[in-house]
Amino acid sequence: MLFRCPHCRTRRKDPLLMLEHMRSSGHRSCTCGGYHYAHRPGSRCCVVHPEGELHLASRRGEPLEVLREIAMELAIEAAFPDAQAKEGPRRSRWSAVSSPAAECPF
């Protein structure tokens, strides 16, 4: 079995060697709550991922109309990044739709 570093994707056969690599390099798993386990930063449902809010809403079972609105909002923010910088940090209205992200829907 191979273990992969969540940050640099380095492979190790021994879990102790992987822990040693992660401690020496400072690499860590992300625990943002997008998944119910520690995961690779930037994964599909991770908060760091540009479309993370869309994937989380889809996993929560939001209706297609809501998913389209979120996708449109994300596309506008990607097209006009200067507007977001002027407004300050983004707090999306989609972050708290339905259930909290830390709960596993399955």
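Here the structure is a predicted model, which means the values were calculated and not measured.
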Arg11: side-chain contact (heavy atoms from CB on, under 4.5 Å) partners, not counting sequence neighbours: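 By the side-chain contact (heavy atoms from CB on, under 4.5 Å) rule, Arg11 matches Leu2, Arg4.
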
Quick one: list whatever passes side-chain contact (heavy atoms from CB on, under 4.5 Å) with Arg23, sequence neighbours left out.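 Residues passing side-chain contact (heavy atoms from CB on, under 4.5 Å) with Arg23: none at all.
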
Connected-component partners of Leu17 among ILVMFWY, side-chain separation under 4.5 Å: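 Answer for Leu17: none, a lone residue.
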
Can you list the other members of the hydrophobic cluster that holds Phe3, where links are side-chain heavy atoms under 4.5 angstrom apart?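 Besides Phe3, the cluster holds Met1, Met18, Met22.
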
If you draw a 6.0 Å radius around NE2 in His21, do more than 12 non-hydrogen atoms from other residues or ligands fall strictly inside?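 More than 12 within 6.0 Å, yes.
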
How long is the straight-line distance from [atom2] of [Y] back to [atom1] of [X], given to the nearest 0.5 Å?
| X | Y | atom1 | atom2 | value |
| --- | --- | --- | --- | --- |
| Met72 | Glu69 | CE | CD | 9.5 Å |
| Glu62 | Glu53 | CD | CD | 12.0 Å |
| Glu20 | Arg12 | CD | CZ | 8.5 Å |

How far apart are the closest heavy atoms of Leu54 and Leu74, and which atoms are they?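 Looking at all heavy atoms of both residues, the shortest contact is CB-CD1, 4.0 Å.
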
What residues form a side chain to side chain donor-acceptor pair (under 3.5 Å) with Ser25, not counting sequence neighbours?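 Partners of Ser25 under the side chain to side chain donor-acceptor pair (under 3.5 Å) test: His27.
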
I'd like to check the side chain to side chain donor-acceptor pair (under 3.5 Å) partners of His55; sequence neighbours left out, ordered by chain and number.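 His55: side chain to side chain donor-acceptor pair (under 3.5 Å) contacts with Arg44.
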
